[in-house]
Structure formats: structure tokens, C-alpha cells
There are 2 protein chains.
Amino acid sequence: MGNSRMTVREIAKLAGVSVATVSRVSNGTGQVSEEMRRRVLEAIEKHGYRPDHLGRALAAGRHGALGLVFPGLSGPYFTELIQGFESEAVPSRASVHILCTHLRSDADDQVLEMGRRVDGVAVIGGTVSDEALLRLATMVPVVVIAGEGPGDIPSVRADNAGSMLALTRHLLVDHDLRDLVFVGNPAGSPDVSERWAAFRGAHHDLGIDPPAEPVAVSMQQADGVLAADQLLCGDTPRPAGVVCANDEIALGVLVGALGRGLRVPQDLVITGFDDMPAAALVTPALTTVRQPVRELTAEAARLILRAADQPGNTAAGSLVLPTELVLRRSCGCPAPPTGGTGR
Amino acid sequence: MGNSRMTVREIAKLAGVSVATVSRVSNGTGQVSEEMRRRVLEAIEKHGYRPDHLGRALAAGRHGALGLVFPGLSGPYFTELIQGFESEAVPSRASVHILCTHLRSDADDQVLEMGRRVDGVAVIGGTVSDEALLRLATMVPVVVIAGEGPGDIPSVRADNAGSMLALTRHLLVDHDLRDLVFVGNPAGSPDVSERWAAFRGAHHDLGIDPPAEPVAVSMQQADGVLAADQLLCGDTPRPAGVVCANDEIALGVLVGALGRGLRVPQDLVITGFDDMPAAALVTPALTTVRQPVRELTAEAARLILRAADQPGNTAAGSLVLPTELVLRRSCGCPAPPTGGTGR
DNA sequence: TTGAAAGCGCTACCAG
DNA sequence: CTGGTAGCGCTTTCAA
């Protein structure tokens, strides 16, 4: 029943009260007598009135919305990011705006435009220019996710280095492997850049020469398959182990290897990063690094919401979330005694 | 330079003109003398003024935003949907709001709330109740994606039945296979429901008994791995072919099969649906059905934007986009002569 | 061509 | 406790 295009004034007239009273009732603010409240609620109910968001937002000087900016989302990692963000935004009655800057040249402008429509923005590292980020930060609270921001823009990221160092050292020392390759494009994101650096660092620490270059591919499963094509084609000696920038790539490499009849880990060791659900389930189960992907954006949303409430209106308090090395079968470790999920 | 918290009034004062003139200049509407325009632009430039979105939206009675509602996004299919939607929204200067109703019980309320913040909404089929959908449609244009809406709410969907019928018939007739199983949950989405129905239909058409029940799992790769565990554990006779509700499941089944040392397609035939990038690249390449995922949402966005402009304010014009059977190696068809991408 | 003023729908202050 | 009223920032008549 009832058109939702009713306004406070109409409801006020119908209930025979003032707009102020209608507002008080519909917001639960202030003191209203039982009699008045009943009359107003009746009119609201009868006509299906719900306050218009724009009017409310304009009066409050607040959008009730948060923005999330991606490079060009793909795969489970990004969907996890979105869900983590949402999990915090929704309970605070904030809607989520998303923007994929992709390859568009006007990315900076679009991010700035977004800044005009939301109460705060979380930006995935490496997505927009530092200049745009700083400018954006003058209008709303900004948090960088999976990367570091310029100036004192706070960030929320995972401890890439620690676990990648441990993982590489594990392969090098515990499994005594040499000729490892790294698959992923360090120029593509701060995350991969840190992982590649830690991969090399582990080699250096042990006095071993790391490969000079990574196999630079994107982060999707298809890219892993392509990398496998390149690494396992037989033209060059096969590496002993393939350290991948994320699980998707690793799964692609795994499929590529298995499809060629190679045995993993006997003929080839493969590792991933992220610990996505499929990692524990494939055969052989994937050795990887667990990072709290949803927490990244959930934490960022909290930071932003807190800042949006406060006078200063600037987010603060960078944090680095812990990661965890998850050893499973694909690196050559023995299969766990039961079940085999590796958890 | 310049705080972007300037208002029309301040700029007007600084430029020594009226707010109306500032508005005209910043929108490029109406006639303004060269002299005035220059003065205003100078002030705008100097103070970095950009009109506030809320004020503008309230005056225009339009949000400049579109909403996209998902069940609980995961995987490449959903990211494609988002990108397709964005590709149409961004050029129209509309921001994209997203909402994952997930398992939340208040999904209907949230969708209705979204309806108050945007100019139109696209809802993935099977996400919210018909009742909520109808109510939503009274406030803004609504389009259902990958499913059918109640009443005369328009929808944009892919031709699931046609290609699934052709695919199943291909396995049954051309490859003379029996004992096919279907992996996917028909209750999970209209898409899967249609695919399962067509899978059964193809059997009936040929006088063959289809399996009574599908292997009901979700749509992610991990679920495919689980399905493989169940189907290939050896407790029951192995099926001849596994027809999967999407490529992700199929890839999971493929990994599960290869990890067990089975040969595909010799020992087991596997097919998918979607034709995601990895499908063409894995070994063996995946036989699947190509559907224009991005087009689905792009088309929906166009429908909504058009409707939002018009007086009636109701979207109209359902459409069914064509799909295409893509035969590759995993169903037993010979490998293509060159390259091997199957395209 | 320009400006004054009337809203858009809502909240919140200030009197009564 | 209640109602009038002044905005929030912008666009858009309507006169001048």
C-alpha cells in the first residue's frame, strides 16, 4: 500500500502534526507523546512512507556510503575484498560504491568524483596516482589496502614478506630445492612486489643466486596455465619448484603440470599465496600462505567509519595483518594423517 | 589549492555574481556573457570548487547511481557481471552501488533501502523475494539478470536451455556416452535450474533415463573438487561423463580427476559452462558453453538508464542473449589442429 | 544576460 | 512535548 513518494510534509498534514514531529518519530529522536507517535506511525504505515535518502543526507551532510576502488577486479581475491568491506559497511547502514579504474586513463578523475559521493574511500594499492590519493584525502578519509599510501594516508596490508621469506626458505632448506622460479608480476601490485622481494631475499640470505627475473604474468588461473606452458614446454630445463604470487596462478600451473603428466610434488613443486578454499582441496593440496583477505577490507571500513564520525575527518592507524605459512603436499611435505585439508 | 568544501554561494560572492550564474557556468547551461563566465571560471579554478553531489542530486531528484544486487558473489562470473555493469554506468556518470544479500535474513529490506538511493536496480535472479522485487519496481526501474522477474519486470538472460540441450545431446549421441552426471544445484539459481532441466530434457528426447538427482554443490572450484571426491572415490561406479553447471566446478572436477591419475577424456569426460578464460587453456581444454556474461549486465544497465530518463520510469524489453556450444578436448572431441585454444 | 527567490526532502534549533 | 522555521547546496523559474 501507498506510494513511497510521500514526503514529511504530506505525512505531517495527514497525521495532523508538524513535520518536526514526523521527523522525530521516524528517527526515534527526541520526546514524543504516545498519542502523537501513534497518529504519525499510523499515517506512515498507511502510506508506506520512508524518508528520502537524499534529503536526509543533505541535511546531515553525510552520504551514508563508502567507496571501494579496484584496479580491475578478477577472481576470488577481489570478491573476498568486497565481501569483507560489505560486512562492515552494511551494519553501519552505509551503502557500498565500487569503481574499477581498469585501464581507463581518467581513473584519477573518477576517484575524485567518487570522493564527492561517499563518506570515505578504500583504495587497493597501486590503483590510482599518489597525487590523486592525496587530493582525495583532503575531501574524505582514505585508506589504502594491500599497499602503502603516500603522505600519512593509513593503510591496511598483510605481512607479505614474513611468510614469503619463510616459504622460500622452507623450499630451499627443508626440501633442499634449487632452481626455483617466481611467477607473478611485481610491477602489477605492491603485494606481488613485496612477495618477489622476499623470494629473492630468502635466496640471498642463504647465499644462493635467485633467478634474475620473475615470470611476469597476471593473477588469474589462466595466466598460471600460460606460465606452465612456458615453463614446462621442454625448450628449457624444467625448474624444481614454482613459487606463485597467488593461489589462482598456482592452480593454473598445477593443472598445466598435471595435464602434461607430471607428478606434483615428485617432478615439480608448486606453491601459492592466499589460501583460497580450493587450495586445501586439490590433489595434491597446495602449500601456500594464508592471509586474512576479508579482514583487510573489513578493517579498512572500520577505520574509515571511525574517521567519518570524528571531527578531524582523517583516517589514521595503519596496520599489518599477520599471515601464516600453510604447508601441504604440493611442496613435498608429507600428506597430513587424516582428511587431507591441511587445516 | 583550494578546499573543495566551497559552495555556490561562496563562489558567487567571490566572483561578484549571483549563484544562478555560477550554476549556469558550472553546468554549461543557459546563456552567460563572456565576461561573467571568465570571472566565475577563475574563482572556480582558484578555489578548486566542484559542485556537491548531494545538493545537485536533491535538486535534480535523481541520484546518478545504479544498484547491482547479488546473492553472495564469488568467482569470475560475478566479477564479470560487475565489470559489464560498470562499463555502461561509468560513461553515463552513474556510480555503481553493490549489495550482497548473502545469507542475511533482512535482504528484502536492504534491497528496498537501496531502491531509495539509486535511479535503478539490476538484481541477479533468485536473490530476493518476488514480493520485494515488485515493491522495488514501484520505486525505480528494475531489471532481473539471469532469471525471470515476477509481473512485468523485464529480464536479461542467456539461452541456457538451447546450448545445454545441444551439449548433452552431443555427449549422448556423438560420443555415445551413458551414465552422465550433472554437478550443480538447481535450487541455487534460475540458471542452474534451466541447465539441469535441459540436461534431463536431452535424455528424455532420446529415450534415455537421466539421473534422478544432480550432485548438488555450489558454484566454486572448491565445490567441484568436492564433487570429484564424491564421484571418483571408488565406492560407486565411476560415471562416464560429468556435466558441470559452470566452468569453475568443471575445473575443480578436472583437478580432482587428474590428481587421481585419471585421464581426461579417455577415462572421464568433463564439460563446463560459461567459457571463462581458463577453460580454453587447461589441458585438456574444456568443452563448454560460451555465454556473454558482461553483456548481460551491460544490457541491463542500458535498459535501466533508458527507463530512468523516461517519464514512465519503468524498465521494459526483456531479452535472451545467445549462447554457443564450444567443443574442445575434454568431451572427447579431437584436439584442434593448431594452438589448442579451441577458438 | 543577470539576479532574486522558490523550492528539492529532511533535520534540528528555538520558542512556546 | 510540540510546532514554526531556518537551513543543507544546488537548480531553475520568473522578473527585471
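In what follows, every chain begins at residue 1, and chains take the letters A, B, ... in the order their sequences are listed.
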Exercise. Mark yes when over 12 heavy atoms from residues, nucleotides or ligands other than B:N27 sit less than 6.0 Å from its CG; otherwise mark no.
Key: yes

Quiz item: How far apart are the C-alpha atoms of B:H63 and A:L54, what are their side-chain angles, what is the distance that settles it, and do they pass the side chain to side chain contact (heavy atoms under 4.5 Å, CB included) test?
Solution: CA-CA 8 Å; B:H63 298 80; A:L54 283 177; 3.6 Å; yes

Exercise. Give the ring-plane orientation class for B:F78 versus B:F70, where under 30° counts as parallel, over 60° as perpendicular and anything between as tilted.
Key: perpendicular

Quiz item: Tell me, do B:R24 and B:V40 make a side-chain contact under 4.5 Å, heavy atoms counted?
Solution: no

Quiz item: Can you name the side-chain hydrogen bond (donor to acceptor under 3.5 Å, both in side chains) partners of B:S18, sequence neighbours left out?
Solution: B:T21

Quiz item: Testing A:E299, A:E80, A:E88, A:E86 for side-chain hydrogen bond (donor to acceptor under 3.5 Å, both in side chains) with A:R294, which one passes?
Solution: A:E80

Quiz item: Going 5' to 3' along nucleotides 3-13 of chain C, which nucleotides have protein heavy atoms under 4.0 Å from the base (write B), which only from the sugar-phosphate (write S), and which from neither (write -)?
Solution: BBB--BBBBBB

Quiz item: On DNA chain D, which is the earliest and which the latest nucleotide, 5' to 3', with an atom closer than 4.0 Å to a heavy atom of chain B?
Solution: D:dG9 to D:dT12

Practice problem: Decide, yes or no, whether a salt bridge links B:K46 with B:E42 under the criterion of side-chain N to carboxylate O below 4.0 Å. | Solution: no

